[in-house]
Amino acid sequence: VGGFTDRGAGYNYFDGSEWGEPPSERVEDERCGWPSYAPWGENGEIIVSHTGADGNKISKRTEKGSGDWEYSLLPGPPGHEYVIWNRSITSGIDHSRLHVISLTAPTAYAGTVYEGLDGALVYSYSDDGGDTWEMENELLDGMTADDYFGFNSDNYTWAEPRGDVVAFIVGAEWHDMFLMKSTDGGMTFEKTLIWEHPYPLFDFTYATDTVYCNDGAHHVAIDNDGKVHVVFGINRSYADDAGATFWFPFVDGVGYWNEDMPAFSDDINALSPYGDPGSEMVEDYNLIGWSQDVDGDGELTFLEEYGTYYLGLSSMPQIVIGQNNDLYVVWSSMTETYDNGLMNYRHIWARMSPNGGAFW
């Protein structure tokens with residue numbers, strides 16, 4: 001963070017019985033940030049980090065836990081080499097395929113508009129660990145300037161691949177939440193809308209009504225049948241005519257969606273967890289999490305201070321899937337009675353579905 005010259009990925013290895021020595025230097029051969037780690041090859045590993053102005057640094061080796069790292073660079077598009085905040089995974093036999101999503105630097109981060117997008121999400125695909133690229137910095141259909149004003153940091157995440165099925169989701173307060181899914185190993189993607197934003201192509205130049213929205217913290221998983229399941233935090237936001245945006249720290253709810261469900265509409269209350277007119281959230285169906293009334297007095301009582309994560313009261317959900325398509329979701333909720341005398345802590349809560357999300 002900041003100006004630390006030794007910034008980079010810290011690495012340690014557990015061999016089944018003990019950890020190595022705590023790391024004292026970064027993996028990369030230059031200052032980097034935002035590392036994504038994945039298995040690579042028969043027994044190797046790969047890390048993709050952003051350098052900043054030059055693009056993404058790829059560090060890989062054929063034996064995990066030992067040996068020298070080999071380095072290569074994946075810059076952004078010509079004239080927009082400055083890409084940041086990558087998310088990267090591997091898939092296929094022996095984890096031979098490398099998939100990278102990166103964001104061209106928005107103007108707010110000293111970047112420039114690319115192909116009409118103030119922050120473009122670009123996709124790259126390699127079947128040899130980044131030595132060569134089958135697809136390099138592609139703008140996928142449905143993610144262009146015809147669809148969005150631009151994207152921002154950390155509002156996109158990959159699912160753990162299953163065979164040839166790979167998928168990622170994108171979503172934030174000021175644009176749609178949507179799924180990009182491939183059934184051919186990442187060569188082509190199909191877009192599915194999950195939540196339609198009430199203000200398409202919003203460009204931060206005019207006032208809006210107050211909108212229940214996803215809060216940008218979400219997760220995605222692929223079940224044993226190839227179906228995608230999504231969980232997300234819920235918040236509320238609005239913009240004024242001066243370009244300022246606002247959020248509501250005590251809006252509370254964790255939403256759920258899968259490919260058998262319809263998309264949420266563009267009604268400003270579609271994601272309301274409180275039953276407002278137009279709400280499409282149904283408890284224990286697609287509204288599966290909320291902060292608990294721990295002391296049982298019928299209301300949530302918190303201290304006046306709170307952590308400003310710019311997320312909902314319940315958020316940061318993660319989902320995993322068992323062998324029988326049983327679903328397990330954990331999330332972080334600000335929790336009453338759990339505090340240090342100044343502010344309430346967040347606690348980890350969980351729910352499960354024994355039948356693929358039909359009920360919880």
Side-chain angles (χ1 to χ4, degrees), residues 8-9 11 26-105 111 114-115 117 120-144 151 156-168 170 180-191 222:
Y11 175 93
R26 62 175 172 240
V27 168
E28 303 91 351
D29 61 352
E30 62 179 308
R31 186 178 185 274
C32 289
W34 261 253
S36 288
Y37 173 91
W40 165 248
E42 292 184 10
N43 196 45
E45 54 195 349
I46 194 165
I47 296 173
V48 182
S49 308
H50 72 225
T51 66
D54 297 326
N56 289 312
K57 173 71 66 169
I58 299 173
S59 309
K60 65 178 180 178
R61 57 185 177 184
T62 56
E63 293 294 325
K64 62 179 182 288
S66 65
D68 295 331
W69 295 92
E70 300 177 6
Y71 305 111
S72 60
L73 192 66
L74 173 62
H80 298 264
E81 290 79 6
Y82 179 20
V83 289
I84 39 184
W85 303 312
N86 90 95
R87 295 291 189 276
S88 299
I89 57 166
T90 56
S91 71
I93 298 173
D94 290 334
H95 304 282
S96 59
R97 302 166 179 161
L98 173 61
H99 312 263
V100 181
I101 306 169
S102 296
L103 187 72
T104 62
Y114 176 65
E115 296 291 331
L117 289 160
L121 280 173
V122 292
Y123 170 70
S124 299
Y125 168 84
S126 171
D127 59 11
D128 57 14
D131 291 337
T132 60
W133 296 93
E134 298 291 324
M135 303 171 67
E136 189 169 354
N137 298 311
E138 295 282 341
L139 284 177
L140 298 177
D141 289 344
M143 297 176 59
T144 70
F151 301 99
Y156 38 91
T157 185
W158 287 101
E160 181 179 354
R162 286 189 183 267
D164 284 337
V165 180
V166 295
F168 65 92
V170 184
M180 301 296 289
K181 181 180 180 181
S182 172
T183 57
D184 57 9
M187 293 301 294
T188 61
F189 285 85
E190 181 176 348
K191 178 182 177 180
I222 304 165

Asks: Between Phe151 and Trp85 (judged by ring centroids, cut-off 6.0 Å), do the two rings come close enough to count as a pair?
Replies: no
Asks: Is there a side-chain contact between Asn137 and Tyr114 in this structure, where contact means two heavy atoms from C-beta onward sitting under 4.5 Å apart?
Replies: no
Asks: Please determine whether a side-chain nitrogen of the Lys or Arg among Arg97 and Asp164 lies less than 4.0 Å from a carboxylate oxygen of the Asp or Glu.
Replies: yes
Asks: So Lys57 and Asp29, do their side chains get closer than 4.5 Å, heavy atoms only?
Replies: yes
Asks: Indicate the atoms forming the closest heavy-atom contact of Ser36 with Asn86, along with that distance.
Replies: OG-OD1, 3.5 Å
Asks: Provide the closest heavy-atom pair for His95 versus Trp40 in the form atom of the first, atom of the second, distance.
Replies: O-CE3, 3.0 Å
Asks: Please determine whether a side-chain nitrogen of the Lys or Arg among Glu70 and Arg61 lies less than 4.0 Å from a carboxylate oxygen of the Asp or Glu.
Replies: no
Asks: To the nearest 0.5 Å, what is the distance between SG (Cys32) and CD1 (Ile58)?
Replies: 11.0 Å
Asks: Report yes if some heavy atom in the side chain of Leu74 is under 4.5 Å from a heavy atom in the side chain of Val48; otherwise report no.
Replies: no
Asks: Could you grab the distance from atom OG of Ser88 to atom OH of Tyr37, nearest 0.5 Å is fine?
Replies: 13.5 Å
Asks: Between the side chains of Glu28 and Tyr71, is a donor N or O closer than 3.5 angstrom to an acceptor N or O?
Replies: no
Asks: Please determine whether side chain to side chain contact (heavy atoms under 4.5 Å, CB included) holds for the pair Val170 and Ile101, giving the CA-CA distance in whole Å, both sets of side-chain angles, and the decisive distance to 0.1 Å.
Replies: CA-CA 11 Å; Val170 184; Ile101 306 169; over 6 Å; no
Asks: Please tell me if the side chains of Thr144 and Glu115 come closer than 4.5 Å, counting only heavy atoms from C-beta onward.
Replies: no
Asks: Is the count of non-hydrogen atoms from other residues, nucleotides or ligands lying under 6.0 Å from Asp131 atom CG greater than 12?
Replies: yes
Asks: Which heavy atom of Ser102 sits nearest to which heavy atom of Asn56, and what is that distance?
Replies: OG-ND2, 2.7 Å
Asks: Is NZ or CZ of Arg87 both nearer than 6.0 Å to the six-membered ring centre of Phe168 and within 45° of the ring axis?
Replies: no
Asks: Do other residues, nucleotides or ligands put more than 12 heavy atoms under 6.0 Å from Glu63 CD?
Replies: yes
Asks: Measure the OG-CZ distance between Ser49 and Arg31 for me, rounded to the nearest 0.5 Å.
Replies: 12.0 Å
Asks: Find the distance between CE (Met143) and OH (Tyr156) and round it off to the nearest 0.5 Å.
Replies: 9.5 Å
Asks: To the nearest 0.5 Å, what is the distance between CD (Glu190) and OG (Ser182)?
Replies: 10.0 Å
Asks: Give me the ring orientation class for Trp34 and His50: parallel if the planes are under 30° apart, tilted from 30 to 60°, perpendicular past 60°.
Replies: parallel
Asks: Mind checking the CG-CH2 spacing from Asp127 to Trp133? Nearest 0.5 Å is all I need.
Replies: 10.0 Å
Asks: Which pair of non-hydrogen atoms, one from Val100 and one from Trp158, has the smallest distance, and what is that distance?
Replies: N-CZ2, 4.5 Å
Asks: Answer whether the closest heavy-atom distance between the side chains of Val122 and Thr104 falls below 4.5 Å.
Replies: yes
Asks: Looking only at heavy atoms, what is the nearest atom pair of Pro161 and Ile222, with distance?
Replies: CA-CD1, 4.3 Å
Asks: Minimum heavy-atom separation for Tyr123 and His99, please, with both atom names.
Replies: OH-ND1, 2.9 Å
